[in-house]
Structures are given as C-alpha cells and as structure tokens.
K.L.:
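I have a structure here, written as structure tokens, and I will follow up with some questions on it.
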Amino acid sequence: MDPFTQFLSATLNVFEAQKQMAERAVAQVSDAGLRTALDAHTNSIAVIMKHVAGNLISRWTDFLTTDGEKLDRNRDDEFVDTFSTRDELLAYWERGWSVLFESLNSLKPGDLETTVYIRGDAHTVPLAIQRSLGHICYHVGQIVQVARIQAGDDWNTLTIPRGQSEQFNQERWGGEKAGKMN
C-alpha cells in the first residue's frame, strides 16, 4: 500500500473510531441528559455535538478551495442548544461527519502538497487534517466524560473496563506477554 493510501486509511479509521465512541456514549444518555450541562461554565452534550458538526461543515466544505472558516458559519450559535429533538441533533451531527468523510475520500495524493487556509492562516493539507482530528478528539473526550457522569451506574464502558486489563490481555494473547509482536 502506498504512503498516501496508508495515511488516508489511518486518518479515516481514527475519525470513524472517534465518531463511533461519541455515538456509543450518547446512546447511554437520556434526552434530558443530552441537554444538561454539568455546571454554568460547561456545555451540554447536545451543544458540543452541535459545535462539532458546525465545525466539520465549515472546515470540510470545499476544503481545498475555500477558507475553512466559512462566511456563513455562526460559531457563537453553535454554543446555543436549538434542536427540539434528539433526532434533529443527530441529523445535524451526521451532516457534519458526512461532509468530512466525503471530503477526505475525495483527496488525491497530490492534494497533500496543497496549501489550505483556516481563518486566513496557511496550513498544509496534512496539518489541516491533524488539526481537525485533534479538535474532534478533544470534543469526543468531553462528550464521553459528560455522558459517563450523566449515565451514572447505568454506564457501559466504551473500552476495557477498569480492573480488567489483565483479563483482556489473557483473552487476547493467552499466556504470552501483552504487546508482543509476532
């Protein structure tokens, strides 16, 4: 596999894993919990999801040809809970992710050498991708943390449960030391 295909495949894989982790967390939260901020200085899950989707739509629409901060983006409105239902919120969330995945899947090897702009600042395509990925990871972490708190004792862990690493390693590798490469 050529380096471009490896890079793009890995990038898509990590974005998809982040999307799935957020969605698995959100599925464990009530509709009311989606809209509840932990305190007056934090955002609810719904607001974080709205911001993520708005950011993805802005950054990834016409990614190679227009500034990532679109003139019609109202970033401040992304921090106001305006969706009436979970379905409306999830539809907007999906729209953002669809724009991202369509744009990434349309990239060609030569595009990695292109300069793109975000708020007027020049970025290489790989840097812009990594910037977006970092932003997504930051907010998915917030979504998971708030969802974990909202779900309380009903939470189903998204990774290896606390205290079960050794069991996981034993099941994965048997008697061999975890992490051994074949």
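This one's a predicted model, so the numbers in the text were calculated from it and none came from an experiment. Along the sequence shown, the residues carry numbers beginning at 1.
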K.L.:
Check whether the side chains of D2 and T5 place a donor and an acceptor atom closer than 3.5 Å, and report yes or no.
P.N.:
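Looking only at side-chain atoms, T5 and D2 do form a donor-acceptor pair, the distance falling under 3.5 Å.
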K.L.:
I'd like to know if the side chain of Q150 and the backbone of T36 have a donor-acceptor N/O pair within less than 3.5 Å.
P.N.:
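Yes, Q150 side chain to T36 backbone: donor-acceptor pair under 3.5 Å.
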K.L.:
Check whether R148 reaches the backbone of G152 with its side chain - one donor and one acceptor, N or O, closer than 3.5 Å.
P.N.:
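At least one qualifying donor-acceptor pair exists.
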K.L.:
Would you say CZ of R24 has more than 12 non-hydrogen atoms from neighbouring residues, nucleotides or ligands within 6.0 angstrom?
P.N.:
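Counting neighbours around CZ of R24, more than 12 heavy atoms of other residues, nucleotides or ligands fall under 6.0 Å, so yes.
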K.L.:
Is the distance between the ring centroids of F79 and H51 under 6.0 Å?
P.N.:
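Yes, close enough.
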K.L.:
Do other residues, nucleotides or ligands put more than 12 heavy atoms under 6.0 Å from D39 CG?
P.N.:
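Counting neighbours around CG of D39, more than 12 heavy atoms of other residues, nucleotides or ligands fall under 6.0 Å, so yes.
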K.L.:
State the CG-OG1 distance between D111 and T124, to the nearest 0.5 angstrom.
P.N.:
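Answer rounded to 0.5 Å: 12.0 Å.
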K.L.:
Check this for me: does any side-chain nitrogen of one of E78 and K50 sit under 4.0 Å from a carboxylate oxygen of the other?
P.N.:
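No, this pair does not count.
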K.L.:
Return the CD to CD distance between E94 and E23, rounded to the nearest 0.5 Å.
P.N.:
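Rounded to the nearest 0.5 Å, the CD-CD separation comes to 5.5 Å.
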K.L.:
Give a yes or no on whether the backbone of H123 and the side-chain of T115 come within a donor-acceptor separation of less than 3.5 Å.
P.N.:
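The answer is no, because no donor-acceptor pair under 3.5 Å joins these two groups.
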K.L.:
Nearest 0.5 angstrom please: F4 CZ to S9 OG, how far?
P.N.:
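Answer for the CZ-OG pair, F4 versus S9, is 10.5 Å.
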K.L.:
Is a donor from one side chain sitting under 3.5 angstrom from an acceptor on the other, for E166 and Q170?
P.N.:
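No, because no side-chain N or O of E166 sits under 3.5 Å from a partner of the opposite role on Q170.
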K.L.:
Around atom CD of E113, are there more than 12 heavy atoms of other residues, nucleotides or ligands at under 6.0 Å?
P.N.:
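Check fails, neighbour count at 12 or below.
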